[in-house]
Amino acid sequence: MKRVLISGNEALALGAWCAGVRVGAAYPGTPSTEILEELSTHPDVYCEWSPNEKVALEVGIGSCLGGARSLVAMKHVGLNVAADPWMTLPYIGVNAGLVLVVADDPGMHSSQNEQDSRYYARMAKVPLLEPSDSQECFDMVSTAMELSERFDTPVLVRLETRISHSRTVIEYRDERQQVDLPYEKDAAKRVMIPGHARLRHPVVIARLEELEREAESFPFNAVEMRSSRVGIVTSGVCYQYAREAFPEASMLKLGFIYPLPRKIIREFASHFQRLYVVEELEPYLEEALKAMGIDVVGKSRIPRDGELDPTLVGESLAELIEMDTGVKHGGWSPPAPHTPFPVESELPGRPPVMCPGCPHRGLFYALNRNKAVVSSDIGCYTLSVLPPLAGIDCQVCMGASVGMALGLERAFASSEVNADKKGRVVCVLGDSTFIHGGITGLIDMVYNQTVSTIVILDNRTTAMTGFQDHPGTGRTLMGEDTHALDLVELCRAIGVESVRVVDPWELEEMETVLREEMESPHTSVVISSRACVLRERRSGVWYEVIEEECTGCKRCLRLGCPAIVMRGEKAEVQQDLCVGCSMCAQVCRPGALREVRAHD
Amino acid sequence: MTDVVLAGVGGQGNVLSARVLAEAALLMGYDVKTSEVHGMAQRGGSVVCMVRWGEKVHSPLIEVAKADFLLAFELLEGMRFLRYLGSGGTAIVNDYRLDPLPVLRGDATYPEGALETIRSFASRTIELDAREMAAQAGNARAVGSCLLGVLSLYLEFPHSVWEESIRDFVPSKAVEVNLKAFALGKKSVEEIS
């Protein structure tokens with residue numbers, strides 16, 4: 001047996017390898033990204049970054065039908081993209097096992113919403129499992145694969161940020177199962193024309209009853225009887241929080257989340273006068289228990305939004321549990337300090353910022369100069385919504401920026417009150433995002449003859465999630481060289497008349513090109529082209545302020561570069577942060593910034 | 001049970017330090033859990049990691065006012081997560097101020113007396129110029145190893161365990177610098193006491 005300290009994501013990938021998974025597909029997204037990165041370290045597994053989550057799932061469907069155990073991973077919002085195949089997949093079933101891992105992000109550490117993926121299992125009538133630490137992540141993959149094959153269904157495994165990114169100890173045997181199932185044509189089962197689908201839907205419904213029986217004997221449900229006065233039903237990382245906050249409480253930790261093991265729940269509930277449900281986000285378990293006629297305390301005390309932690313769980317339930325037990329909960333009271341205890345809300349925030357030399361900075365500076373109405377996508381560049389650039393008007397999800405720009409433009413074109421906005425709409429999205437979900441929007445723009453400007457921020461990587469390759473980089477997840485998608489040729493093929501490539505470090509040129517394209521009477525594309533500075537770091541060049549020349553006008557601060565600080569009335573460049581992009585020197589009117597080279 | 005909070009700014013390396021610390025605890029035979037931040041917050045934002053070890057650990061997140069140690073890579077971030085430090089807790093503080101963007105722009109002010117606040121709240125505060133110390137060791141970015149060096153004085157882990165963990169997780173070309181930074185951090189406190 002090996003004993004290692006690894007994250008839930010790594011454990012899941014390792015479990016997948018041991019379970020004989022031969023195909024893995026994903027689109028990167030925090031907190032799920034490391035699953036495929038880790039799985040791809042095993043050369044006997046075909047792993048790919050798909051262009052988006054829908055394609056990733058479709059690859060997984062194909063490979064499981066083809067007889068290979070398959071793992072597909074995505075973040076919660078990725079499952080929205082993949083929802084179309086997801087909803088019909090249970091009808092056709094699998095051949096070899098197919099597990100979809102979805103990672104929710106309560107607290108939105110790195111996401112645009114905090115939707116609860118558990119409902120996707122119920123909506124698609126697919127079994128849902130939830131691990132509570134890395135060991136369970138590892139163990140559950142092979143269990144999920146067997147379940148998938150026995151019941152001829154995909155299986156959803158739900159993680160949360162604190163499962164994905166917490167490291168806990170696992171013990172395991174480094175052995176790989178061999179699974180290679182024969183492929184046989186079965187069109188009535190796998191071609192979902194209405195006549196076939198009508199026959200399959202009852203099968204899916206009947207399967208749920210069998211799955212519920214299976215849930216009752218699932219090895220990862222655990223009944224832990226301690227106090228006879230306090231009973232808590234919980235799952236996932238919330239189990240750990242509840243254990244921490246109320247070590248004496250009895251617990252029903254559920255591993256099988258859909259369909260629920262109702263007998264076990266009823267039996268557990270029968271022991272307690274008051275039953276608690278500790279769960280993050282939606283009252284999923286709470287509503288299910290209430291539908292069974294079991295009264296529980298849940299979201300009336302525990303927040304429905306944001307991330308839980310042991311302190312919050314303890315504080316939320318302490319009052320009632322004290323009444324149940326007559327014992328005071330060990331809450332915290334800070335010792336009387338000599339100075340006021342710092343309250344987090346009173347401290348200046350430290351929001352993430354674009355790096356010194358980030359090419360996105362130049363683009364947004366130029367967009368501001370052109371007073372653009374900016375429809376943005378999701379990536380590092382979304383950080384320019386914050387001051388001083390404050391350069392984004394709207395943003396929803398990946399790929400949405402293009403269609404939204406089209407809609408804005410059409411609304412302005414027929415408006416009197418917004419007439420001044422006409423022609424000012426610019427859509428910005430990253431190279432990876434454009435491929436993920438922006439291409440169809442651009443086709444719409446050209447097809448429906450919209451006068452908008454699309455800027456593709458081509459930094460040649462998927463930066464925000466940690467520099468993953470994509471179809472435009474010329475490299476695969478397996479580390480092979482491949483064809484690099486040519487964005488210029490693609491846009492031309494779509495029918496964009498004007499496609500211009502500009503270096504965003506050249507502020508004046510960027511400003512001019514944007515102005516010209518915003519004024520032009522057709523759809524145009526500007527490719528803001530420069531590699532991410534974290535990928536191609538420059539050294540030995542930086543800028544410094546000539547003190548006598550600096551008038552303290554703070555114009556350079558408008559760039560929002562973290563390398564520039566004010567020291568009294570003068571600006572100063574922090575040499576160890578500066579990468580020598582020169583943008584500050586370009587905006588400085590008195591010419592107080594000069595380039596320095598290490599060998600000078 | 002031992003609970004350590006590592007608070008800093010994205011890019012300062014506290015995720016790596018948390019891994020080194022957690023691995024050392026694992027090598028000692030403990031049950032260990034950690035919590036890390038990935039993704040957006042790493043772009044120069046506030047980053048906190050938690051490391052816990054003992055016979056059996058449940059939550060990967062530490063309860064407020066329960067931590068034994070706070071490793072502050074930066075003063076403001078030390079203040080931000082000070083509430084996690086329990087009574088009797090030790091703060092190991094890099095005496096270094098890194099202004100966040102709202103302060104750089106003049107929209108907010110950096111709190112006065114950050115170090116005094118930490119000092120008054122913690123039972124024991126160890127201050128060091130870890131940046132300078134790391135630079136002496138050969139790379140100003142090895143701040144985390146200096147702080148771990150100080151922490152090592154309060155833990156029972158033998159040096160060989162620390163060394164093994166640093167060798168396992170620090171990129172090979174930076175191992176020697178980090179071992180040196182670790183030793184300098186440790187020595188700086190030994191000299192005082």
Side-chain angles (χ1 to χ4, degrees), chain A residues 3-5 7 30-31 33-34 109-111 133 161-169 237 239-241 243-245 247 309-311 314 332-335 337-342 344 346-355 380 383 386-388 464-466 554 557 560 562 564-566 576, chain B residues 9-11 18-19 22-23 25-26 30-46 50-51 57-66 76-77 79-83 86-87 98-111 113-114 116-117 119-121 123 140:
Chain A
R3 183 170 177 268
V4 290
L5 179 65
S7 71
T30 315
T33 311
E34 299 83 6
H109 295 276
S110 206
S111 302
D133 59 20
T161 302
R162 297 295 177 188
I163 295 293
S164 286
H165 288 166
S166 290
R167 288 176 196 280
T168 77
V169 180
V237 76
Y239 161 77
Q240 310 291 359
Y241 299 159
R243 278 294 275 131
E244 195 74 38
D309 60 43
T311 312
W332 73 286
S333 49
H338 303 300
T339 52
F341 186 70
E344 197 178 343
E346 288 170 8
L347 296 174
R350 193 185 297 274
V353 287
M354 292 191 300
C355 308
C380 289
L383 292 171
L386 300 174
M464 179 126 269
T465 45
K554 299 187 179 174
L557 292 191
I564 307 174
V565 297
M566 290 301 287
D576 54 344
Chain B
V9 179
R19 288 200 69 178
E23 187 68 16
L26 182 77
Y30 290 112
D31 186 26
V32 188
K33 287 192 180 177
T34 76
S35 178
E36 300 171 2
V37 174
H38 295 219
M40 197 173 204
Q42 282 187 302
R43 300 278 175 271
S46 168
M50 296 179 176
V51 180
V57 185
H58 295 295
S59 169
L61 295 175
I62 297 169
E63 281 182 273
V64 165
K66 293 282 175 69
L76 171 59
E77 297 314 312
M79 273 181 90
R80 202 186 305 282
F81 295 98
L82 192 52
R83 67 187 190 285
S87 55
L98 187 60
D99 288 358
L101 204 57
V103 172
L104 292 179
R105 287 178 30 78
D107 295 338
T109 48
Y110 197 96
E116 289 71 30
T117 309
R119 246 186 241 142
S120 69
F121 190 76
S123 290

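Small disclaimer: the values here were computed from a predicted structure and weren't measured. Letters A, B, ... are given to chains in the order of the sequence lines, protein chains preceding strands, and every chain is numbered from 1.
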Closest approach of [X] and [Y], non-hydrogen atoms and distance?
X         : Y         : value
Val169(A) : Tyr30(B)  : CG2-O, 4.5 Å
Val353(A) : Gly44(B)  : CG2-CA, 4.5 Å
Thr34(B)  : Leu5(A)   : CG2-CD2, 4.5 Å
Leu104(B) : Leu557(A) : O-CD1, 4.0 Å
Pro100(B) : Gly349(A) : CB-O, 3.4 Å

### Query
What part of Pro247(A) is in contact with chain B, defined as an atom under 4.5 angstrom from a non-hydrogen atom: side chain, backbone, both or neither?
neither

### Message
Heavy-atom cut-off 4.5 Å, strictly under: side chain, backbone, both or neither for Val4(A) against chain B?
### Response
backbone

When rounded to the nearest 0.5 angstrom, what is the spacing between [atom1] in [X] and [atom2] in [Y]?
X         : Y         : atom1 : atom2 : answer
Met50(B)  : Arg162(A) : CE    : CZ    : 7.0 Å
Asp309(A) : Ile62(B)  : CG    : CD1   : 11.0 Å
Glu244(A) : Lys33(B)  : CD    : NZ    : 8.5 Å

Heavy-atom contact with chain A under 4.5 Å, split by part of [X]:
X        : value
Arg19(B) : side chain
Phe81(B) : neither
Val32(B) : both

Any [X] side-chain heavy atom under 4.5 Å of [Y] side chain:
X         : Y         : value
Glu63(B)  : Pro310(A) : yes
Tyr239(A) : Ser59(B)  : no
Leu76(B)  : Leu347(A) : yes
Arg3(A)   : Leu26(B)  : yes
Pro351(A) : Pro102(B) : yes

### Task
Give the member of Arg350(A), Lys554(A), Met566(A), Met354(A) that has the highest number of heavy-atom pairs under 4.5 Å with chain B.
Arg350(A)

### Task
Against chain B, work out which of Pro31(A), Cys355(A), Pro388(A) has the most heavy-atom pairs shorter than 4.5 Å and name it.
Pro388(A)

### Summary
Looking only at Ala108(B), Ala18(B), Ala140(B), Ser35(B), the option with the highest number of non-hydrogen pairs under 4.5 Å against chain A is Ser35(B)

### Task
Let me know which of Ile163(A), Val237(A), Asp133(A) forms a side chain to side chain contact (heavy atoms under 4.5 Å, CB included) with Pro60(B).
Val237(A)

### Message
Using modelled atom types and a 3.5 Å cut-off, is there a donor and acceptor pairing between side-chain atoms of Arg243(A) and backbone atoms of Val57(B)?
### Response
no

